[in-house]
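Every chain is numbered from 1 and lettered A, B, ... according to where its sequence line falls, protein lines coming before strand lines.
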2 protein chains.
Amino acid sequence: MKKEKVQERIIRVASDLFYRQGFNSTGINQIIAEADIAIGSLYNHFTSKNDLLQAYLIKEELEWFKGFEDHSAQISEPKQKILSLVDYRKKLQKSSKFAGCHFIKIIAELGDSSPVVSDFAKKHKGRQKEMIRTLVSEYAENKKNLNTDLITESIFLLIEGAVVTSTIDKNTNSFNAVQKMIEAQLP
Amino acid sequence: MKKEKVQERIIRVASDLFYRQGFNSTGINQIIAEADIAIGSLYNHFTSKNDLLQAYLIKEELEWFKGFEDHSAQISEPKQKILSLVDYRKKLQKSSKFAGCHFIKIIAELGDSSPVVSDFAKKHKGRQKEMIRTLVSEYAENKKNLNTDLITESIFLLIEGAVVTSTIDKNTNSFNAVQKMIEAQLP
DNA sequence: GTCTATAGACGGATAGAC
DNA sequence: GTCTATCCGTCTATAGAC
(Lines give C-alpha, C1' and ligand atoms only; values in the text may rest on other atoms or scores of the structure.)
Protein backbone atom coordinates (compact mmCIF):
# COMPACT_ATOMS: atom_id res chain seq x y z
CA MET A 1 0.00 0.00 0.00
CA LYS A 2 1.36 3.34 -1.09
CA LYS A 3 1.93 5.94 1.55
CA GLU A 4 -0.67 8.65 1.47
CA LYS A 5 0.79 11.99 0.52
CA VAL A 6 0.06 15.11 2.53
CA GLN A 7 -2.02 16.70 -0.20
CA GLU A 8 -4.12 13.57 -0.54
CA ARG A 9 -4.69 13.44 3.18
CA ILE A 10 -5.81 17.05 3.23
CA ILE A 11 -8.32 16.43 0.45
CA ARG A 12 -9.58 13.27 2.09
CA VAL A 13 -10.11 14.90 5.49
CA ALA A 14 -11.58 18.09 4.05
CA SER A 15 -13.94 16.14 1.78
CA ASP A 16 -15.21 14.10 4.65
CA LEU A 17 -15.87 17.20 6.74
CA PHE A 18 -17.42 19.19 3.91
CA TYR A 19 -19.76 16.32 3.24
CA ARG A 20 -20.74 15.52 6.80
CA GLN A 21 -20.85 19.00 8.35
CA GLY A 22 -21.29 21.22 5.34
CA PHE A 23 -18.81 23.54 3.67
CA ASN A 24 -19.57 26.68 5.67
CA SER A 25 -19.65 24.83 8.95
CA THR A 26 -16.19 23.39 8.41
CA GLY A 27 -13.29 25.61 9.44
CA ILE A 28 -9.70 25.57 8.33
CA ASN A 29 -8.62 24.91 11.89
CA GLN A 30 -10.69 21.76 12.08
CA ILE A 31 -9.28 20.50 8.81
CA ILE A 32 -5.65 20.95 9.85
CA ALA A 33 -6.34 19.44 13.26
CA GLU A 34 -7.94 16.29 11.86
CA ALA A 35 -5.39 16.00 9.07
CA ASP A 36 -2.67 16.54 11.67
CA ILE A 37 -0.80 19.13 9.64
CA ALA A 38 0.26 22.74 10.10
CA ILE A 39 -1.73 25.57 8.65
CA GLY A 40 1.26 26.70 6.61
CA SER A 41 1.30 23.28 5.03
CA LEU A 42 -2.29 23.56 3.96
CA TYR A 43 -1.80 26.92 2.27
CA ASN A 44 1.29 25.52 0.62
CA HIS A 45 -0.88 22.99 -1.21
CA PHE A 46 -4.04 25.05 -1.67
CA THR A 47 -4.38 28.74 -2.27
CA SER A 48 -7.67 29.08 -0.38
CA LYS A 49 -10.59 27.22 1.13
CA ASN A 50 -12.37 27.59 -2.18
CA ASP A 51 -9.47 25.86 -3.85
CA LEU A 52 -10.04 22.96 -1.49
CA LEU A 53 -13.69 22.96 -2.48
CA GLN A 54 -12.74 22.48 -6.13
CA ALA A 55 -10.51 19.54 -5.23
CA TYR A 56 -13.36 18.07 -3.19
CA LEU A 57 -15.81 18.22 -6.08
CA ILE A 58 -13.35 16.73 -8.56
CA LYS A 59 -12.57 13.91 -6.15
CA GLU A 60 -16.24 13.09 -5.55
CA GLU A 61 -16.99 13.20 -9.26
CA LEU A 62 -14.24 10.69 -10.02
CA GLU A 63 -15.13 8.44 -7.11
CA TRP A 64 -18.80 8.42 -8.04
CA PHE A 65 -18.22 7.02 -11.52
CA LYS A 66 -15.40 4.77 -10.39
CA GLY A 67 -17.60 3.47 -7.60
CA PHE A 68 -20.43 2.62 -9.98
CA GLU A 69 -18.04 0.94 -12.38
CA ASP A 70 -16.82 -1.32 -9.61
CA HIS A 71 -20.32 -1.93 -8.31
CA SER A 72 -21.71 -3.02 -11.68
CA ALA A 73 -18.60 -4.61 -13.14
CA GLN A 74 -20.13 -8.08 -13.40
CA ILE A 75 -23.30 -6.90 -15.10
CA SER A 76 -23.65 -6.27 -18.81
CA GLU A 77 -27.37 -6.52 -19.50
CA PRO A 78 -28.68 -2.91 -19.74
CA LYS A 79 -31.79 -3.29 -17.59
CA GLN A 80 -29.87 -5.06 -14.84
CA LYS A 81 -27.22 -2.37 -15.05
CA ILE A 82 -29.86 0.32 -14.49
CA LEU A 83 -31.20 -1.58 -11.50
CA SER A 84 -27.64 -1.88 -10.29
CA LEU A 85 -27.37 1.90 -10.46
CA VAL A 86 -30.34 2.19 -8.12
CA ASP A 87 -28.68 -0.31 -5.83
CA TYR A 88 -25.47 1.71 -6.00
CA ARG A 89 -27.18 4.89 -4.88
CA LYS A 90 -28.90 2.95 -2.12
CA LYS A 91 -25.55 1.57 -0.99
CA LEU A 92 -24.00 5.04 -0.98
CA GLN A 93 -26.83 6.33 1.15
CA LYS A 94 -26.51 3.54 3.68
CA SER A 95 -22.73 3.80 3.97
CA SER A 96 -22.92 7.57 4.46
CA LYS A 97 -25.70 7.28 7.02
CA PHE A 98 -28.07 9.03 4.61
CA ALA A 99 -25.98 12.13 4.16
CA GLY A 100 -27.33 12.67 0.66
CA CYS A 101 -25.83 13.55 -2.70
CA HIS A 102 -22.62 15.58 -2.55
CA PHE A 103 -23.63 17.83 -5.41
CA ILE A 104 -27.20 18.49 -4.34
CA LYS A 105 -25.83 19.35 -0.92
CA ILE A 106 -23.28 21.87 -2.08
CA ILE A 107 -25.76 23.57 -4.39
CA ALA A 108 -28.29 23.77 -1.58
CA GLU A 109 -25.67 25.38 0.62
CA LEU A 110 -24.09 27.79 -1.85
CA GLY A 111 -26.98 28.58 -4.16
CA ASP A 112 -25.81 30.61 -7.11
CA SER A 113 -23.03 32.34 -5.20
CA SER A 114 -20.35 30.32 -6.95
CA PRO A 115 -20.89 29.86 -10.70
CA VAL A 116 -17.97 27.44 -10.89
CA VAL A 117 -19.59 25.14 -8.37
CA SER A 118 -23.05 25.45 -9.95
CA ASP A 119 -21.59 24.62 -13.32
CA PHE A 120 -19.70 21.64 -12.00
CA ALA A 121 -22.79 20.18 -10.34
CA LYS A 122 -24.87 20.71 -13.44
CA LYS A 123 -22.34 18.90 -15.60
CA HIS A 124 -22.03 16.07 -13.11
CA LYS A 125 -25.78 15.48 -13.15
CA GLY A 126 -25.71 15.74 -16.92
CA ARG A 127 -23.16 12.94 -17.09
CA GLN A 128 -25.27 10.78 -14.81
CA LYS A 129 -28.29 11.28 -17.02
CA GLU A 130 -26.35 10.53 -20.20
CA MET A 131 -25.14 7.30 -18.65
CA ILE A 132 -28.76 6.33 -18.02
CA ARG A 133 -29.72 7.37 -21.54
CA THR A 134 -27.05 5.09 -23.01
CA LEU A 135 -28.28 2.15 -20.98
CA VAL A 136 -31.93 2.80 -21.84
CA SER A 137 -31.05 3.10 -25.54
CA GLU A 138 -29.16 -0.19 -25.42
CA TYR A 139 -32.13 -1.84 -23.78
CA ALA A 140 -34.58 -0.36 -26.30
CA GLU A 141 -32.61 -1.50 -29.33
CA ASN A 142 -34.44 -4.75 -29.93
CA LYS A 143 -37.74 -3.59 -28.45
CA LYS A 144 -40.31 -1.41 -30.11
CA ASN A 145 -42.36 1.62 -29.22
CA LEU A 146 -40.27 2.68 -26.28
CA ASN A 147 -39.97 6.39 -25.62
CA THR A 148 -36.31 6.32 -24.59
CA ASP A 149 -36.16 10.04 -23.83
CA LEU A 150 -39.11 9.97 -21.46
CA ILE A 151 -37.95 6.74 -19.82
CA THR A 152 -34.47 8.17 -19.34
CA GLU A 153 -35.79 11.36 -17.81
CA SER A 154 -38.21 9.59 -15.50
CA ILE A 155 -35.63 7.07 -14.26
CA PHE A 156 -33.24 9.92 -13.60
CA LEU A 157 -35.85 11.93 -11.71
CA LEU A 158 -37.05 8.92 -9.72
CA ILE A 159 -33.50 8.21 -8.55
CA GLU A 160 -32.83 11.84 -7.63
CA GLY A 161 -36.12 11.95 -5.77
CA ALA A 162 -35.31 8.73 -3.97
CA VAL A 163 -31.92 10.06 -2.84
CA VAL A 164 -33.31 13.27 -1.36
CA THR A 165 -36.22 11.42 0.19
CA SER A 166 -34.00 8.80 1.76
CA THR A 167 -31.81 11.61 3.09
CA ILE A 168 -34.79 13.14 4.85
CA ASP A 169 -36.45 9.90 5.94
CA LYS A 170 -33.20 8.15 6.89
CA ASN A 171 -34.22 4.88 5.29
CA THR A 172 -34.03 3.21 1.90
CA ASN A 173 -37.75 2.64 1.30
CA SER A 174 -37.90 5.11 -1.55
CA PHE A 175 -35.48 3.07 -3.64
CA ASN A 176 -37.84 0.11 -3.67
CA ALA A 177 -40.50 2.11 -5.48
CA VAL A 178 -37.90 3.22 -8.01
CA GLN A 179 -36.95 -0.37 -8.74
CA LYS A 180 -40.58 -1.35 -9.25
CA MET A 181 -41.15 1.59 -11.55
CA ILE A 182 -38.12 0.65 -13.64
CA GLU A 183 -39.39 -2.92 -13.92
CA ALA A 184 -42.69 -1.51 -15.17
CA GLN A 185 -41.11 0.84 -17.68
CA LEU A 186 -38.65 -1.69 -19.10
CA PRO A 187 -40.79 -4.73 -19.83
CA MET B 1 -53.97 46.62 4.04
CA LYS B 2 -52.94 45.88 7.57
CA LYS B 3 -49.71 47.40 8.75
CA GLU B 4 -46.98 44.83 9.03
CA LYS B 5 -45.85 44.30 12.58
CA VAL B 6 -42.20 44.34 13.51
CA GLN B 7 -42.13 40.64 14.33
CA GLU B 8 -43.68 39.79 10.98
CA ARG B 9 -41.17 41.91 9.15
CA ILE B 10 -38.29 40.22 10.92
CA ILE B 11 -39.58 36.80 9.95
CA ARG B 12 -40.21 37.87 6.40
CA VAL B 13 -36.74 39.36 5.92
CA ALA B 14 -34.98 36.52 7.72
CA SER B 15 -36.90 33.90 5.75
CA ASP B 16 -35.99 35.53 2.50
CA LEU B 17 -32.31 35.63 3.43
CA PHE B 18 -32.23 32.11 4.86
CA TYR B 19 -33.76 30.84 1.67
CA ARG B 20 -31.65 32.75 -0.81
CA GLN B 21 -28.27 32.79 0.93
CA GLY B 22 -28.52 29.87 3.28
CA PHE B 23 -28.93 29.85 7.05
CA ASN B 24 -25.24 29.81 7.96
CA SER B 25 -24.37 32.48 5.43
CA THR B 26 -26.93 34.88 6.86
CA GLY B 27 -25.80 36.96 9.80
CA ILE B 28 -27.82 38.70 12.46
CA ASN B 29 -26.38 42.02 11.37
CA GLN B 30 -27.65 41.57 7.84
CA ILE B 31 -31.11 40.65 9.07
CA ILE B 32 -31.48 43.75 11.26
CA ALA B 33 -30.04 45.94 8.52
CA GLU B 34 -32.48 44.75 5.86
CA ALA B 35 -35.41 44.70 8.28
CA ASP B 36 -34.35 48.18 9.39
CA ILE B 37 -34.62 47.43 13.08
CA ALA B 38 -32.30 47.55 16.07
CA ILE B 39 -30.56 44.45 17.34
CA GLY B 40 -32.21 44.83 20.71
CA SER B 41 -35.54 44.69 18.98
CA LEU B 42 -34.70 41.40 17.33
CA TYR B 43 -33.70 39.74 20.58
CA ASN B 44 -36.83 41.10 22.15
CA HIS B 45 -38.93 39.04 19.74
CA PHE B 46 -36.68 36.01 19.35
CA THR B 47 -34.42 34.39 21.88
CA SER B 48 -31.79 33.31 19.35
CA LYS B 49 -31.01 32.82 15.68
CA ASN B 50 -32.22 29.26 16.04
CA ASP B 51 -35.52 30.58 17.30
CA LEU B 52 -35.77 32.55 14.07
CA LEU B 53 -35.07 29.37 12.14
CA GLN B 54 -38.07 27.70 13.76
CA ALA B 55 -40.30 30.61 12.82
CA TYR B 56 -38.97 30.42 9.28
CA LEU B 57 -39.83 26.75 8.91
CA ILE B 58 -43.31 27.16 10.34
CA LYS B 59 -43.97 30.09 8.01
CA GLU B 60 -42.83 28.18 4.92
CA GLU B 61 -44.85 25.14 5.93
CA LEU B 62 -48.04 27.18 6.22
CA GLU B 63 -47.39 29.14 3.04
CA TRP B 64 -46.68 25.99 1.05
CA PHE B 65 -50.08 24.42 1.76
CA LYS B 66 -51.91 27.72 1.60
CA GLY B 67 -50.23 28.45 -1.72
CA PHE B 68 -51.28 25.14 -3.19
CA GLU B 69 -54.83 25.59 -1.95
CA ASP B 70 -55.04 28.90 -3.74
CA HIS B 71 -53.37 27.56 -6.84
CA SER B 72 -55.74 24.61 -7.22
CA ALA B 73 -58.90 26.18 -5.80
CA GLN B 74 -60.87 25.89 -9.05
CA ILE B 75 -59.97 22.24 -9.60
CA SER B 76 -61.79 19.33 -8.03
CA GLU B 77 -61.05 16.38 -10.29
CA PRO B 78 -58.27 14.35 -8.59
CA LYS B 79 -56.04 13.79 -11.59
CA GLN B 80 -56.19 17.44 -12.59
CA LYS B 81 -55.43 18.38 -9.04
CA ILE B 82 -52.29 16.24 -9.07
CA LEU B 83 -51.19 17.87 -12.32
CA SER B 84 -51.93 21.20 -10.70
CA LEU B 85 -49.55 20.25 -7.91
CA VAL B 86 -46.80 19.74 -10.44
CA ASP B 87 -47.65 23.09 -11.94
CA TYR B 88 -47.53 24.64 -8.48
CA ARG B 89 -44.02 23.37 -7.80
CA LYS B 90 -42.99 24.59 -11.24
CA LYS B 91 -44.43 28.00 -10.47
CA LEU B 92 -42.61 28.15 -7.13
CA GLN B 93 -39.34 27.32 -8.82
CA LYS B 94 -39.76 30.01 -11.44
CA SER B 95 -40.76 32.71 -8.99
CA SER B 96 -37.82 31.89 -6.71
CA LYS B 97 -35.39 31.81 -9.63
CA PHE B 98 -34.88 28.09 -9.04
CA ALA B 99 -33.79 28.37 -5.43
CA GLY B 100 -35.18 24.92 -4.64
CA CYS B 101 -37.25 23.43 -1.85
CA HIS B 102 -36.91 25.19 1.52
CA PHE B 103 -36.85 21.94 3.44
CA ILE B 104 -34.44 20.04 1.23
CA LYS B 105 -32.16 23.06 1.42
CA ILE B 106 -32.10 23.34 5.17
CA ILE B 107 -31.52 19.61 5.61
CA ALA B 108 -28.68 19.73 3.11
CA GLU B 109 -27.14 22.56 5.06
CA LEU B 110 -27.64 21.35 8.61
CA GLY B 111 -27.57 17.58 8.16
CA ASP B 112 -28.43 15.83 11.39
CA SER B 113 -27.04 18.56 13.60
CA SER B 114 -30.51 19.76 14.58
CA PRO B 115 -33.02 16.98 15.31
CA VAL B 116 -35.84 19.51 15.59
CA VAL B 117 -35.22 20.73 12.06
CA SER B 118 -34.75 17.21 10.67
CA ASP B 119 -37.99 16.15 12.26
CA PHE B 120 -39.86 19.14 10.94
CA ALA B 121 -38.68 18.55 7.37
CA LYS B 122 -39.54 14.88 7.57
CA LYS B 123 -43.07 15.61 8.73
CA HIS B 124 -43.52 18.29 6.09
CA LYS B 125 -42.58 15.86 3.33
CA GLY B 126 -44.84 13.27 4.92
CA ARG B 127 -47.79 15.65 4.71
CA GLN B 128 -47.05 16.34 1.06
CA LYS B 129 -47.00 12.64 0.31
CA GLU B 130 -50.24 12.00 2.19
CA MET B 131 -51.89 14.74 0.19
CA ILE B 132 -50.84 12.98 -3.00
CA ARG B 133 -52.02 9.66 -1.59
CA THR B 134 -55.47 11.09 -0.91
CA LEU B 135 -55.75 12.42 -4.45
CA VAL B 136 -54.53 9.16 -5.99
CA SER B 137 -56.99 7.19 -3.88
CA GLU B 138 -59.84 9.44 -4.96
CA TYR B 139 -58.85 8.96 -8.56
CA ALA B 140 -58.55 5.18 -8.21
CA GLU B 141 -61.97 4.77 -6.61
CA ASN B 142 -63.90 4.00 -9.78
CA LYS B 143 -60.98 2.43 -11.64
CA LYS B 144 -59.61 -1.05 -11.13
CA ASN B 145 -56.22 -2.67 -10.69
CA LEU B 146 -54.39 0.48 -9.75
CA ASN B 147 -51.57 0.14 -7.27
CA THR B 148 -52.25 3.35 -5.37
CA ASP B 149 -49.30 2.97 -3.03
CA LEU B 150 -46.78 2.59 -5.82
CA ILE B 151 -48.36 5.37 -7.88
CA THR B 152 -48.35 7.68 -4.86
CA GLU B 153 -44.72 6.97 -4.11
CA SER B 154 -43.59 7.37 -7.69
CA ILE B 155 -45.44 10.64 -8.22
CA PHE B 156 -43.97 11.96 -5.00
CA LEU B 157 -40.45 10.91 -6.00
CA LEU B 158 -40.80 12.26 -9.52
CA ILE B 159 -41.82 15.67 -8.19
CA GLU B 160 -39.01 15.77 -5.64
CA GLY B 161 -36.55 14.75 -8.33
CA ALA B 162 -37.90 17.40 -10.68
CA VAL B 163 -37.51 20.11 -8.04
CA VAL B 164 -33.87 19.32 -7.28
CA THR B 165 -33.09 18.88 -10.96
CA SER B 166 -34.70 22.17 -11.92
CA THR B 167 -32.72 23.82 -9.09
CA ILE B 168 -29.47 22.57 -10.59
CA ASP B 169 -30.39 23.05 -14.25
CA LYS B 170 -32.16 26.39 -13.73
CA ASN B 171 -35.03 25.48 -16.01
CA THR B 172 -38.41 23.76 -15.78
CA ASN B 173 -37.82 20.97 -18.31
CA SER B 174 -37.89 18.26 -15.67
CA PHE B 175 -41.50 19.04 -14.76
CA ASN B 176 -42.68 18.21 -18.27
CA ALA B 177 -41.49 14.63 -17.93
CA VAL B 178 -43.30 14.38 -14.59
CA GLN B 179 -46.55 15.49 -16.15
CA LYS B 180 -46.23 12.93 -18.95
CA MET B 181 -45.47 10.19 -16.44
CA ILE B 182 -48.54 11.09 -14.41
CA GLU B 183 -50.69 10.99 -17.53
CA ALA B 184 -49.33 7.53 -18.21
CA GLN B 185 -49.90 6.26 -14.70
CA LEU B 186 -53.40 7.66 -14.33
CA PRO B 187 -55.15 6.52 -17.48
C1' DG C 1 7.90 20.85 5.86
C1' DT C 2 7.05 22.40 11.27
C1' DC C 3 5.58 25.85 14.91
C1' DT C 4 3.39 30.21 17.02
C1' DA C 5 1.54 34.65 16.56
C1' DT C 6 -1.50 37.70 14.72
C1' DA C 7 -3.99 40.49 11.52
C1' DG C 8 -8.60 41.97 10.30
C1' DA C 9 -13.17 40.95 9.67
C1' DC C 10 -17.33 39.04 11.28
C1' DG C 11 -20.17 35.73 14.11
C1' DG C 12 -24.02 35.69 17.97
C1' DA C 13 -25.38 37.77 21.94
C1' DT C 14 -25.70 41.19 26.01
C1' DA C 15 -26.00 45.61 28.54
C1' DG C 16 -27.08 50.25 29.34
C1' DA C 17 -28.78 54.84 28.09
C1' DC C 18 -32.59 57.18 25.95
C1' DG D 1 -39.27 50.33 20.91
C1' DT D 2 -34.49 53.04 19.54
C1' DC D 3 -29.36 53.73 19.77
C1' DT D 4 -24.25 52.58 20.65
C1' DA D 5 -20.77 50.01 22.83
C1' DT D 6 -18.82 45.84 23.81
C1' DC D 7 -17.77 40.83 25.08
C1' DC D 8 -15.87 36.83 23.34
C1' DG D 9 -15.40 33.65 20.08
C1' DT D 10 -14.29 32.07 15.35
C1' DC D 11 -13.35 32.84 10.68
C1' DT D 12 -9.74 32.91 6.64
C1' DA D 13 -5.36 34.06 5.71
C1' DT D 14 -0.53 35.82 6.33
C1' DA D 15 4.11 36.27 8.41
C1' DG D 16 8.19 34.99 10.64
C1' DA D 17 11.19 31.79 13.19
C1' DC D 18 12.99 27.09 13.21
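- Across the protein-nucleic acid pair, A/Asn50 atom CG and D/dA13 atom C1' stand 13 Å apart, rounded to whole Å.
- When distances run from any side-chain atom of A/Ala38 to the nucleotides C/dA13, C/dT2, D/dA13, the shortest one goes to C/dT2.
- We find that CD1 of A/Ile32 is positioned 14 Å from P of C/dA5, with the value rounded to whole Å.
- A/Gln93 contributes a side-chain N or O that, together with a main-chain N or O of A/Gly100, makes up a donor-acceptor pair within less than 3.5 Å.
- Between B/His124 and B/Trp64, the distance from one ring center to the other falls under 6.0 angstrom.
- Looking at A/Glu183 and A/Lys79, a side-chain N of the basic residue comes within less than 4.0 Å of a carboxylate O on the acidic one, giving a salt bridge.
- Ring orientation note: the planes of B/Tyr88 and B/His71 are tilted relative to one another, at an angle of 30° to 60°.
- Distances shown here put every side-chain N or O of A/Ser41 at or beyond 4.0 Å from the OP1 or OP2 atom of C/dG1.
- For the pair B/Leu52 CG and C/dG12 C1', the computed distance is 12 Å after rounding to whole Å.
- Atom CD1 of B/Ile39 and atom P of C/dT14 are 10 Å apart (whole Å).
- Atom CD1 of B/Ile10 and atom P of D/dG1 are 8 Å apart (whole Å).
- B/Ser25 comes within contact range of no nucleotide atom at all, as no heavy-atom separation falls under 4.0 Å.
- A straight line from CG of A/Asn29 to C1' of D/dA13 spans 10 Å, rounded to a whole angstrom.
- The distance from atom CD of B/Gln21 to atom C1' of C/dG11 is 14 Å, rounded to the nearest whole Å.
- The side chain of B/Tyr43 has C/dA13 as its nearest neighbour among D/dC11, D/dC3, C/dA13.
- Using a 4.0 Å heavy-atom criterion, one finds that B/Asn44 contacts the sugar-phosphate atoms exclusively.
- In this structure, NZ of B/Lys49 is placed 12 Å from C1' of C/dA13, rounded to the nearest angstrom.
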